[in-house]
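Just so it is clear, the structure is predicted and the values come from calculations on it, not from any experiment. One is the number of the first residue; the rest follow in order along the sequence.
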Amino acid sequence: MYRFAGSLLILAALALGTYSAAIEGSIDFYKLYDNPEAHVSLKNKATTADRTALHGYPSEHHHILTADGYILGVFRIPYSHKLQNQNEKRPIVFLQHGLTSCSDAWILQGPNDSLPYLLADAGYDVWMGNARGTSYSRNHTKLSPDHPSFWKFSWHEIALYDITAIIDYALNTENGRGQEAIHYVGHSQGTTVFFALMSWLPEYNDKIKTAHLFAPVAIMKNLSSPLVRYLGPYLGHKNAYSTIFGSQEFLPHNEFVMALFFNICQPEAHVSLKNKATTADRTALHGYPSEHHHILTADGYILGVFRIPYSHKLQNQNEKRPIVFLQHGLTSCSDAWILQGPNDSLPYLLADAGYDVWMGNARGTSYSRNHTKLSPDHPSFWKFSWHEIAIYDITAIIDYALNTENGRGQEAIHYVGHSQGTTVFFALMSWLPEYNDKIKTAHLFAPVAIMKNLSSRLVRYLGPYLGHKNAYSTIFGSQEFLPHNEFVMALFFNICQPDVVLRPVCESAMKTLYSGGRVNMTAMPEAMATHPAGCSTDQMLHYLQEQQSGYFRQFDHGTKKNLEVYGSEEPPEYPVEQINSLVHLWYAESDDLAAVEDVEALAKRLPNKVMHFMEDPEWNHGDFALNWEVRKYVNEPVIAIMEEYELNNGST
């Protein structure tokens, strides 16, 4: 994926001259952005969790497996940010929507009027369900929503499988354990499934404190709806009409079509695109419990962070699990960690070894494109480098994980970073050295800090032009690199599916970019479907500055602004001597971005490090993520080191 992103960067460099000429005629356009708060529009479709997070509420996206294999997307407001009552036992409330609706319906009236917000502010742990077949619950362990068998269910199955699964799941969370029952709120079909469940499986009545049923629907003999009364004689009996109409999706869900209506576009061809699978979708499909958290940073960015809280194989959710936090590289995202599947990917192996696994996504990536005030369409959204990712994003995720119910009582985590995920570690631990106390072990793959001796021809070519404060870097800076396009990403995802006729196109493209048989080619089409995941051009400029200066230091704004920001003409170096946490450096001879000389020069300044030089002379930068033997040479040794630490220092 790194060569793929690099190829795109070359194209961007070739276009730089044209872009610089064009931008001279568009200065008035930038004057429109003088007030950042004037452009608050979210281009991507917001989820229930996105909407709640925008109002400052903690929000979680859980994926719950039913007994018959459906994977339900369920949203949670675990506590109130106003009450800060996360350390108290909170009564559970479960809200279930009506027919053709979803969890979004409960929160549309905003925090002053919507029931979930009011409940959270009253001290409750709020869960919002989504029945199978709705936009948030379109996955199954074996069936595709494109197959008729997926749709062979009624609200009876929703009652007996979906509602039971959500109730049991909520009561089995760390807040739920010790509680025997919940409060239930249902609207329309949400009342029907309650009546069906409680009458068919009456033992579930013991799990209900109170039930609040809005517009209850069960007996329908006397309803006055003209539409229902008209259709009833035709579709309310088993006949040819009902047979033709039955067991299929009503108004088939199509993100592409919805986007077309929204943008008033007309396609030239009839294209039906599946939604791009998220990290949580992918982990859930392998049977692992998966959560999607939205974490607010101190400067207002909302990060999409994924979690495998425990292993379904170990069923260790009632035990304290050591926390591991994995952070991706430049233009990558959390998907990169799991592309090799459950037998080889580090997150799955860690979960099966008993760990609570968190996968971060830096601001500006496909999962972290929200802010409390700024839109990603506004240039101010992109005014950050990896320094801000280090100081704001990584700290927020570490603190959030340690403040979960499993995290409380634990003082530190294990950290794993690749490429930029190592850079942000060095920056954070040297600039805010108190965070070293929150690290048990750090495993840094292809560590990038000093870049003086790197051999990448692309970086060395661009460095003289973009690695200094000048007209080129000013034009290139503070904007999104390769602007994110949901349709294009969905298109790549769809043509790279295993059962699609165009799958060979993906495979051929990957074989062209990755030769030599070193890369897990089965995973590569998945990488093409998820990468590049987005970043700010300032992150790239910061790296090019490092290569040109030969130092590991903060962003160079130019002499005038450096004096304002730093009080010196040159940006300050990161004091890496302050990093006293246990750091394991994994590096290789053929890495063109992390030269052996640079890694070893950095290591001389680190007081507490262990060196892991890869014996394979061909091991390169991308091999730490994509090599088909990464389990043997990297993942298993890393887990062994963590296990030794836990054994010698006491679990958690």
Side-chain angles (χ1 to χ4, degrees), residues 1-2 4-6 8-9 12 33 36 39-47 49-50 53-54 276 278-279 292-306 325-337 359-397 400 417-425 427-428 448 466 473 475-486 488-489 530-545 554-555:
M1 73 190 70
Y2 301 95
F4 180 60
L8 294 170
L9 183 53
Y33 293 95
H39 299 268
V40 187
S41 59
L42 297 180
K43 197 170 185 178
N44 297 334
K45 177 188 169 188
T47 67
D50 295 329
L54 284 172
K276 183 171 77 75
T278 67
T279 303
H292 187 176
H293 293 251
H294 292 73
I295 299 176
L296 183 65
T297 68
D299 59 343
Y301 287 82
I302 300 170
L303 312 177
V305 177
F306 295 94
F325 168 29
L326 295 84
Q327 184 63 23
H328 60 78
L330 184 68
T331 76
S332 188
C333 64
S334 54
D335 291 326
W337 295 107
M359 292 169 277
N361 284 290
R363 60 186 63 193
T365 58
S366 53
Y367 295 117
S368 300
R369 293 173 59 83
N370 282 315
H371 189 281
T372 54
K373 295 181 179 179
L374 299 172
S375 163
D377 295 331
H378 193 287
S380 293
F381 181 96
W382 300 99
K383 287 185 178 178
F384 62 82
S385 174
W386 39 257
H387 177 82
E388 286 73 26
I389 293 171
I391 303 304
Y392 295 111
D393 297 6
I394 305 303
T395 56
I397 298 171
Y400 184 96
H418 178 224
S419 192
Q420 182 186 259
T422 72
T423 311
V424 295
F425 180 87
L428 169 60
V448 179
L466 296 175
S473 60
I475 292 168
F476 188 71
S478 298
Q479 59 187 292
E480 182 175 13
F481 177 67
L482 296 176
H484 184 77
N485 186 304
E486 280 294 333
V488 172
M489 295 304 291
T530 55
H531 291 76
C535 69
S536 168
T537 53
D538 284 354
Q539 294 167 248
M540 295 179 167
L541 291 179
H542 201 167
Y543 276 128
L544 293 170
Q545 291 174 3
Q554 289 201 43
F555 192 86

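- From His292, atom NE2 reaches atom CG of Asn361 across 7.5 Å, with rounding to the nearest 0.5 Å.
- Looking at every heavy atom in both residues, His542 comes nearest to Gln554 through NE2-C, 3.3 Å.
- Here His293 pairs with Trp358, Tyr400 under the ring-ring contact (aromatic ring centres under 6.0 Å, His included) rule; sequence neighbours left out.
- Ser473 contributes atom OG, which lies 7.5 Å from atom CD of Gln545 (distance to the nearest 0.5 angstrom).
- Residues meeting the side chain to side chain donor-acceptor pair (under 3.5 Å) test with Ser368, sequence neighbours left out: none.
- Listed by chain and number, the residues in a side chain to side chain contact (heavy atoms under 4.5 Å, CB included) with Gln539 are Leu330, Phe384, Trp386, Ile389, Gln420, Cys535, Ser536 (sequence neighbours excluded).
- Of all heavy-atom pairs spanning Ala533 and Ser332, the tightest one is CB-O, 3.5 Å.
- Every side chain to side chain contact (heavy atoms under 4.5 Å, CB included) that Leu296 has, sequence neighbours left out, goes to Ile302, Thr372.
- Within the 3.5 Å criterion, the main-chain N or O of Ala362 finds a donor-acceptor partner in the side chain of His328.
- Between the side chain of Asp538 and the backbone N or O of Gly477, no donor-acceptor pair lies under 3.5 Å.
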Take Leu541 and Phe476, measure what side-chain contact (heavy atoms from CB on, under 4.5 Å) needs, and give me the verdict at the end. CA-CA 8 Å; Leu541 291 179; Phe476 188 71; 3.6 Å; yes

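- Interatomic distance, Leu374 CG to Lys383 NZ, rounded to the nearest 0.5 Å: 10.0 Å.
- Under the side chain to side chain contact (heavy atoms under 4.5 Å, CB included) criterion, Leu544 pairs with Val459, Leu462, Leu466, sequence neighbours left out.
- Counting heavy atoms from C-beta outward, Trp337 and Met359 have side chains that approach closer than 4.5 Å.
- For Thr423, the side chain to side chain donor-acceptor pair (under 3.5 Å) partners at least two apart in sequence or on another chain are Tyr543.
- Judged purely by atom type and a 3.5 angstrom limit, Thr331 has no side-chain atom pairing as donor or acceptor with the backbone of Gly534.
- If you take CG on Asn370 and CZ on Phe381, they are separated by 7.0 Å, rounding to the nearest 0.5 Å.
- How far CD1 of Ile394 is from CD of Glu388: 12.5 Å, rounded to the nearest 0.5 Å.
- The two residues Tyr367 and Cys333 come nearest to each other via the heavy atoms CE1-SG, 4.1 Å.
- Scanning both residues, His294 and Ala49, for their nearest heavy atoms gives CE1-CB, 3.1 Å.
- For Thr297, the side chain to side chain contact (heavy atoms under 4.5 Å, CB included) criterion is met by Asp299, Tyr301, Leu303, Arg363, Tyr392, Asp393, Ala396, not counting sequence neighbours.
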